[in-house]
Amino acid sequence: MSAAAPSSPTLVGTEPLPRQDEVLTGAALAFVAELHRRFTPTRDELLALRAGRRAEIARTSTLDFLPGTADVRADDSWRVAPAPPALNDRRVEITGPTDRRMTVNALNSGARVWLADFEDASSPTWENVVLGQLNMRDAFTRRIDFTDERTGKSYALKDDSELATVVMRPRGWHLDERHLQVDGRPVPGALVDFGLYFFHNARRLTDQARGPYFYLPKIESHREARLWNDVFVFAQEKLGIPQGTVRATVLIETITAAYEMEEILYELRDHASGLNAGRWDYLFSIIKNFRDGGAKFVLPDRNAVTMTAPFMRAYTELLVRTCHKRGAHAIGGMAAFIPSRRDPEANTAALEKVRNDKDREARDGFDGSWVAHPDLVPVAMASFDAVLGHAPHQKDRLREDVTVAAGDLIALDTLDARPTYAGLVNAVQVGIRYIEAWLRGTGAVAIFGLMEDAATAEISRSQIWQWVDAGVVFEDGRTATAELVREIAAAELTAVREETGADAFAGGDWQRAHDLLLKVSLDADYADFLTLPAYERLRG
């Protein structure tokens, strides 16, 4: 008796979208299904290993470099593959979601790279997932011209030579896509995002002297990087793309990955492009993993943890040294400030902070950095131009002066700052306002002059959880309690209602956002990712 033929991918709970047939072709869905069948079992095993490692950290309150991979770190002979020309100069990278207007503006921004984000800056509604893929296809075929219906302003692509190189960020391994099922199971969002993008664009990009380039988020171990490498090898072979065409930059935005930087590059070495220092998710990961570690691991207000804090300096300097030792790009963190013409004085002060931050990164040896707004591209560009000149990068700066011990990466008690009541209020405000927008399908949100995404919501709710769990006493004598958080959250709902008006408030998702923030901030059972319970409540 012959085996039954594999079932076709199934769309679940979706409404027809404009031009969806251009993305959801039979061949593209079959490719995604094959990725799912081959790689989801290993994904599942690796997610289980995360839980085991987290339990070990809870028991020991420490981390160390892996003894089992010491030979990889000690071997000075290996390097990652040389950067392709389109990724050789990455001095400024702009990030943002893949809606139509952002696609045009980011490509035209003057940045060397656009991180086209299907992850933290995108709320994963099915519409955003599918139309984001469509926008990528349209951009690469120059069919992306766009007119804003509200303002009448038109957006069109500049000449190809002036456009940013696209590096696409799929969702992390932990997120599933409920709207696409294979054999009765949701397909991991990472494989949906990667698979559709690679299938439709890999050959076209290669023909355009660019390529299928990716940012890999939420990696927690070198074994997770190995899985991505296996995906790349298979995808290239399946579609007849030369091996090594893919390039991947890994976000070192988890504390466990910080102890495996060299191993991560090694696993991806034929496809590796660099590492990136992702600040907010990194702090969120520290809280998540060391939440049982006592007062030593209690972080102050998120804005008080600057990149000059000793444990953050250890992280970023180790990243630069590791990258340059192995021939990879080291990419710095985000400048999330949104320039405003309404308050010139505040604008000038904020731009100065951005300039100082980018100056520091360039001096420290980074080869490029992130901004969230096109107006910040010239600011960051000036900082890196001053150091790089006409050179595309500074990989020749090996930073052999840097020595980082295992304990340096988790020496949080070197911070002088303490949690403040104002910081608690800000965390509640940002959490509610961001989640409300996310539930409506918007993943990149301007809040109090900063571009916030899921990473900032994660650090906000994690700090609330940690401060309440630790019973932090603030500078005014108040104690962080669940009751205090509920009072602040109720006051914020009242303030939003007054700010937006009753009709706009009623048309939003404010109460559900309020309730979800309190759940993930106050439940004794800490949710590994805010986006998991949020996805259950997401419409679309």
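Small disclaimer: the values here were computed from a predicted structure and weren't measured.
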Would you call Asp367-Arg397 a salt bridge at under 4.0 Å N-O? no
Please answer whether the main-chain N or O of Met102 pairs with a side-chain N or O of Tyr155 as donor and acceptor at a distance below 3.5 Å. no
Can we say Asp145 and Arg100 salt-bridge, meaning some charged N sits less than 4.0 Å from an Asp/Glu carboxylate O? no
Testing Lys325, Arg73, Arg269 for salt bridge (Lys or Arg N to Asp or Glu O under 4.0 Å) with Glu262, which one passes? Lys325
Ignoring hydrogens and angles, tell me if any N or O in the side chain of Asn276 forms a donor-acceptor pair with the backbone of Gly332 under 3.5 Å. yes
Check side-chain hydrogen bond (donor to acceptor under 3.5 Å, both in side chains) between Arg137 and all other residues, then give those that pass, not counting sequence neighbours. none
Which pairs pass side chain to side chain donor-acceptor pair (under 3.5 Å) with one or both residues in residues 199-212, sequence neighbours excluded? Thr165-Arg210
Pair Asp281, Leu251 - check side-chain contact (heavy atoms from CB on, under 4.5 Å), show working. CA-CA 10 Å; Asp281 266 319; Leu251 291 108; over 6 Å; no
Using modelled atom types only, decide if a donor and an acceptor are shared between the side chain of Ser285 and the backbone of Thr254 within a distance under 3.5 Å. no
Set of side-chain contact (heavy atoms from CB on, under 4.5 Å) partners for Ile338, sequence neighbours left out: His373, Ala446, Met451
Sorted by chain and residue number, the side-chain hydrogen bond (donor to acceptor under 3.5 Å, both in side chains) partners of Thr25 (sequence neighbours excluded) come out as none
Output all residues satisfying salt bridge (Lys or Arg N to Asp or Glu O under 4.0 Å) with Arg399, sequence neighbours left out; order by chain, then residue number. Glu317, Asp401
Pair Trp280 + Phe284: ring centers closer than 6.0 Å: no
Decide, yes or no, whether a salt bridge links Arg321 with Glu400 under the criterion of side-chain N to carboxylate O below 4.0 Å. no
Ring pair (Phe, Tyr, Trp, His ring centres under 6.0 Å) contacts touching residues 13-48 (sequence neighbours left out): Phe31-Phe199, Phe39-Phe234
Taken in chain and number order and not counting sequence neighbours, the residues that satisfy salt bridge (Lys or Arg N to Asp or Glu O under 4.0 Å) with Glu361 are Lys358
Taking the side chain as every heavy atom from C-beta outward, state whether Val80 and Ser273 have any atom pair closer than 4.5 Å. no
Side-chain ion pair, Arg279 and Asp357, N-O less than 4.0 Å: no
Could Arg37 and Asp183 be called an ion pair, given the rule that one side-chain N must be under 4.0 Å from one carboxylate O? yes
Ion pair present between Glu119 and Arg171, side-chain N to carboxylate O less than 4.0 angstrom? no
Taking everything shown except Arg360 itself, do over 12 heavy atoms lie less than 6.0 Å from its CZ? yes
With a 4.0 Å cut-off, would you call Arg101 and Asp148 a salt bridge? yes
Identify the two heavy atoms, one from Ala444 and one from Thr442, that lie closest to each other, and give their separation to 0.1 Å. O-CG2, 3.5 Å
Going by side-chain contact (heavy atoms from CB on, under 4.5 Å), name the residues that satisfy it together with Ser122, two or more places apart in sequence or in a different chain. Asn128
Test of ring centre spacing under 6.0 Å for Phe232 and Phe198: no
According to side-chain contact (heavy atoms from CB on, under 4.5 Å), who are the partners of Leu163, at least two apart in sequence or on a separate chain? Leu107, Asn108, Arg142, Leu157, Lys158, Asp160
Do Gln181 and Thr10 pass the side-chain hydrogen bond (donor to acceptor under 3.5 Å, both in side chains) test, and can you show the C-alpha distance, the side-chain angles, and the key distance before you say yes or no? CA-CA 5 Å; Gln181 295 188 2; Thr10 304; over 6 Å; no
By salt bridge (Lys or Arg N to Asp or Glu O under 4.0 Å), which residues pair with Arg363, not counting sequence neighbours? none
Does Asp117 reach the main-chain N or O of Ala121 with its side chain, forming a donor-acceptor pair under 3.5 Å? yes
Do Ser383 and Asp359 have side-chain N/O donor and acceptor atoms under 3.5 Å apart? yes
With sequence neighbours excluded, give me every ring pair (Phe, Tyr, Trp, His ring centres under 6.0 Å) pair touching residues 74-115. Trp78-Tyr266
For Asn229, the side-chain hydrogen bond (donor to acceptor under 3.5 Å, both in side chains) test, sequence neighbours excluded, returns His271
Do the charged groups of Arg53 and Glu260 touch, with an N to O distance under 4.0 Å? yes
